[in-house]
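Structure, as structure tokens:
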Amino acid sequence: MELSKNYIPGEVETKWYKHWVDNGYFHSEPNEKKAYTVVIPPPNVTGVLHMGHCLNNTIQDILVRRARMQGYNPCWVPGTDHASIATEAKVVAMLRERGITKSSLSRDEFLGYAWEWKEKYGGIILQQLRKMGCSLDWERTSFTMDPAYYESVIKVFIDLYNKGKIYRGKRMINWDVRAKTALSDEEVIHKEVNGKIYHLRYKLDVPGEEYITIATVRPETILGDSAICVHPDDTRYSHLVGKFAFVPLINRRIPIIADDYVEIEFGTGALKVTPAHDMNDFQLGQKYNLEIIDTMNDDGTMSEAAQLYIGQDRIEVRKPIIKDLEAAGNLVKIEDYVHQVGFSERTDAIVEPRLSLQWWVDMKQLAAPALDVVMSDEISFHPAKFKNVYRHWMENIKDWCISRQLWWGHRIPAWYDEDGNVYVEASIEKVNEKYPETKGKTLTQDSDCLDTWFSSWLWPIEVFKGMSNPGNAEINYYYPTSTLVTAPEIIFFWVARMIMAGEEYMGKIPFKDVYFTGIVRDKQGRKMSKSLGNSPDLLGLIDQYGADAVRFGIMIASPAGNDLLFDDSTIEQGKNFNNKLWNATKLLKMWETRQNKEGVIPQDAAFAMDWFQAKLSATQLQVDEMLKTFRLSEALKTIYGLFWDDYCSWYLEWIKPGFEQPIHQGVYEKTLEFYDALLQLLHPFMPFITEEIHHTLKAQTEDLCVKAYTSPTHVDESVLKAGELLQNVISTLRDARNKNQIKPKDAIELHIQTELNAPYQIIQNILTKQVNAASVQYTSAAIGSSIVVALEKDKFYIVADQAIDTASLKENLLKDLAHQQGFLVSVDKKLGNEKFVQNAKPEVLAIEQKKKADAIARIQTIEESLAQL
RNA sequence: GGGAGCAUAGCUCAGUUGGUUUAGAGCACCUCGUUUACACCGAGGGGGUCCGCGGUUCGAACCCGUGUGCUCCCA
């Protein structure tokens with residue numbers, strides 16, 4: 001069979017993915033083997049694959065595929081998250097396009113549309129993961145609103161409520177005016193914004209005094225002011241404390257109070273207090289029993305209570321109110337001011353602090369055990385620096401607002417009677433059963449849904465039905481899971497809470513290792529985002545370069561724990577690597593029909609084989625160590641180098657038969673074996689091409705995907721050393737050939753002057769071939785009219801037809817000499833230092849002495865060579 | 001404002017308890033080369049005040065202090 005000139009990934013990838021799935025390689029059932037469990041961070045059901053997913057899932061696939069080849073029973077569970085806000089927003093947008101408003105629909109009608117949308121468009125991302133080669137167990141695909149999952153979430157709510165860990169309370173919350181729902185603190189993104197600070201003067205109700213001036217960035221909130229606050233030590237204002245001022249435009253009389261919360265230096269030192277619209281002002285309001293005047297509707301427009309601008313958006317009111325304040329003589333000045341503003345993670349609306357009755361989880365009790373397991377390394381974070389971040393958050397944890405004013409999600413199982421009493425149970429029947437006094441009363445269910453993360457925190461448990469069917473065979477076998485791979489952005493949203501749920505409901509950690517990926521950025525270091533339009537089209541890249549090349553590109557650029565600056569060029573490199581692999585395959589296929597079964601393996605080939613075996617084994621051990629410590633990028637680089645440099649550039653050239661010459665069968669077979677071992681190492685990173693080549697090299701009984709790793713043999717250090725010497729001599733001589741412009745085709749005569757011939761004799765045949773020597777001889781004296789180069793203590797004389805460029809030879813030797821002399825000086829300085837000789841460890845001293853001796857010998861060699869010129 | 005982290009070649013990064021030949025890799029760059037696996041290639045090469053300053057030490061890219069610049073998290 002003729003192999004194509006270059007590797008073409010498209011069909012190959014489709015073919016093998018289907019083959020793997022058809023053979024059930026990705027499906028797991030509990031068995032006698034050790035489990036290796038990974039649960040996917042469930043992407044939003046609305047999601048489409050982006051670079052972050054690509055990185056994240058490639059890493060998971062590498063770990064899972066490796067575990068499979070190591071003989072574990074790996075189980076990688078796919079699924080999606082219902083993503084309440086994001087999905088509800090999409091459904092609302094879809095309805096709007098059809099001319100339907102959400103408010104015109106009943107809850108059930110709306111949910112009907114939402115489910116319809118989910119079935120039709122949801123989970124595209126799972127199809128896209130197949131294109132990437134992810135070895136997910138598709139039979140286990142889960143969704144956070146599957147019936148059993150839904151019940152489990154409700155069960156957990158009721159349980160925590162009964163334990164007193166969930167309560168209902170009126171507090172300041174973050175309000176998303178676009179989605180019209182509460183948000184948790186974690187869902188608010190703080191961004192720096194260029195704004196203005198307005199100095200406004202309030203008329204005083206004090207004889208003889210005219211005004212007090214305050215500074216604010218939010219002039220539209222003055223309509224809700226209920227006090228002015230100054231610092232008790234601020235002498236500018238101390239005489240005003242206890243007096244009153246009038247809110248501009250509406251002339252409400254408000255008290256002037258003193259509290260050390262106010263910073264004297266900031267602004268004018270006088271602060272307007274608006275308890276309904278600022279977290280800190282709310283605290284002050286509580287402390288001094290101030291009136292709470294909510295001047296905003298749930299959609300962010302001004303309410304009746306504001307008296308003015310009713311129905312207009314609070315941000316848009318800023319312009320007219322400043323105009324009116326100016327006209328009324330209250331505006332003193334406007335300055336530029338940079339400050340932090342909170343935005344909704346989901347809708348990007350400016351978040352408003354708002355007093356509201358919501359459901360909360362008491363986090364203090366849940367946090368304690370979850371902090372311990374991370375600090376004690378029962379759960380290991382990679383990189384470990386995230387332990388600090390985690391601890392800081394857990395030690396300063398606040399209660400979790402879990403109610404959302406949405407319909408898409410798990411509906412809060414709380415029922416209210418006409419008197420406002422609350423009953424928490426799964427259904428109206430259960431309420432009646434448990435609280436007989438409610439029979440016959442009208443009960444209304446809470447209309448709110450739970451925060452999405454209130455279901456995601458059960459993910460590692462409920463994908464194995466550990467909540468809905470506790471103690472079943474699967475949860476016992478697969479839980480705790482092995483490694484969680486996720487973005488550091490959701491360490492609090494998700495990772496911390498899964499640990500809490502694991503401790504609370506399983507009494508066990510949910511996973512042993514957490515690998516935090518970097519954030520994917522563009523070439524300029526900017527985060528990938530829709531608005532910047534800097535996210536590459538992933539599926540387009542896969543079509544263009546193949547999934548293997550994309551996986552290679554993203555992994556090679558992705559050091560553990562660091563952000564990844566994405567650039568097409570690494571994918572290009574991945575494509576080139578594919579071709580290199582492919583061309584090596586073509587070379588071996590050419591040899592297949594030229595095997596010689598007679599005689600013994602030639603000595604030089606035997607050396608090359610021993611050398612590569614040692615190199616391979618050493619690298620296998622290295623890669624193993626790297627993967628154990630999650631240094632995936634380094635492991636890939638190591639494998640890349642082993643294949644490209646050691647196998648292709650050195651080994652294959654060393655065993656390559658001469659023009660139209662046969663290759664010994666033993667050498668050929670060993671060479672295939674080596675290649676297959678390389679493919680195994682590479683398979684977790686680049687699954688498709690490795691499987692394809694595995695089958696192209698020869699007829700196989702087993703697929704690479706499920707083939708057990710070959711173990712490394714004993715590493716023969718002396719063979720490695722001999723190989724290194726060979727490489728150094730070849731490079732040195734090639735360099736000399738290059739610099740003296742000896743054409744590759746022109747053969748040279750090589751004379752070696754060395755104390756010990758033996759090491760050269762082992763490698764002589766290969767050396768002859770690699771530097772195109774007509775002959776290799778050993779000499780104890782200088783060879784006249786030759787090019788001389790030095791390597792360590794040995795000298796090499798090259799006799800060629802070429803005229804010798806003495807000047808450049810001399811220049812090179814002098815350069816080398818200067819370097820060696822400089823080196824000798826530094827070593828001498830050390831050895832001449834009495835304190836060094838006294839304090840240094842004996843082995844360090846010995847090394848320095850050897851360095852010195854070697855340097856002297858090298859200098860002598862170079863000087864002799866110079867003298868001979 | 002509080003906390004965490006980073007700064008090594010043009011770029012992206014290694015550099016393990018301070019001593020392993022006066023710092024390594026990949027990519028990019030330069031020179032040479034189309035010899036039947038591969039120009040998506042081969043051979044070779046150049047390139048660094050290890051952010052600045054101070055300290056500890058016989059010895060510092062590595063430890064300590066300090067300054068500068070950048071990133072992230074929290075308020």
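What you see is a predicted model; the values in this text were computed from it and never measured. Here is how names work: the chains are called A, B, and so on, in the same order as the sequence lines, proteins then strands, and each is numbered from 1.
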- Task: Assess whether one donor atom and one acceptor atom, taken from the side chain of A:R858 and the base of B:U21, lie less than 3.5 Å apart.
- Result: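 By the distance-only test, yes, there is a pair.
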- Message: For a quick check, tell me whether the side chain of A:E653 and the base of B:A43 share a donor-acceptor pair closer than 3.5 Å.
- Response: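 Counting by modelled atom types and ignoring angles, no donor-acceptor contact under 3.5 Å is found here.
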Euclidean distance, atom [atom1] of residue [X] to atom [atom2] of [N] [Å, nearest integer]:
{"X": "A:Y640", "N": "B:C27", "atom1": "OH", "atom2": "C1'", "value": "8 Å"}
{"X": "A:K841", "N": "B:U20", "atom1": "NZ", "atom2": "P", "value": "11 Å"}
{"X": "A:N772", "N": "B:U35", "atom1": "CG", "atom2": "C1'", "value": "10 Å"}
{"X": "A:R737", "N": "B:U35", "atom1": "CZ", "atom2": "C1'", "value": "12 Å"}
{"X": "A:Q741", "N": "B:C32", "atom1": "CD", "atom2": "P", "value": "9 Å"}
{"X": "A:K852", "N": "B:U20", "atom1": "NZ", "atom2": "C1'", "value": "19 Å"}
{"X": "A:K739", "N": "B:C32", "atom1": "NZ", "atom2": "C1'", "value": "12 Å"}
{"X": "A:M590", "N": "B:A37", "atom1": "CE", "atom2": "P", "value": "5 Å"}

Phosphate-side-chain proximity, [X] and [N], N/O vs OP1/OP2 below 4.0 Å:
{"X": "A:S731", "N": "B:G44", "value": "yes"}
{"X": "A:S649", "N": "B:A43", "value": "yes"}
{"X": "A:K656", "N": "B:A37", "value": "yes"}
{"X": "A:W644", "N": "B:G42", "value": "yes"}

Give the minimum heavy-atom separation between [X] and [Y], together with the two atoms involved.
{"X": "A:L791", "Y": "A:F796", "answer": "CB-CE1, 3.7 Å"}
{"X": "A:S344", "Y": "A:V351", "answer": "N-CG2, 3.4 Å"}
{"X": "A:A370", "Y": "A:Y390", "answer": "O-OH, 2.8 Å"}

- Task: Classify the angle between the aromatic ring planes of A:F516 and A:F381 as parallel (below 30°), tilted (30 to 60°) or perpendicular (above 60°).
- Result: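 It falls in the perpendicular class, over 60°.
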- Task: Look at the rings of A:F674 and A:Y651 and say which category their plane angle falls in: under 30° parallel, 30 to 60° tilted, over 60° perpendicular.
- Result: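 Answer is perpendicular, since the angle exceeds 60°.
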- Name the nucleic acid region contacted by A:W591, choosing base, sugar-phosphate or nothing; use a 4.0 angstrom heavy-atom cut-off, strictly under.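 Touches nothing.
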- How is A:N833 classified with respect to the nucleic acid when contacts are heavy atoms under 4.0 Å: base, sugar-phosphate, or nothing?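 It contacts sugar-phosphate atoms only.
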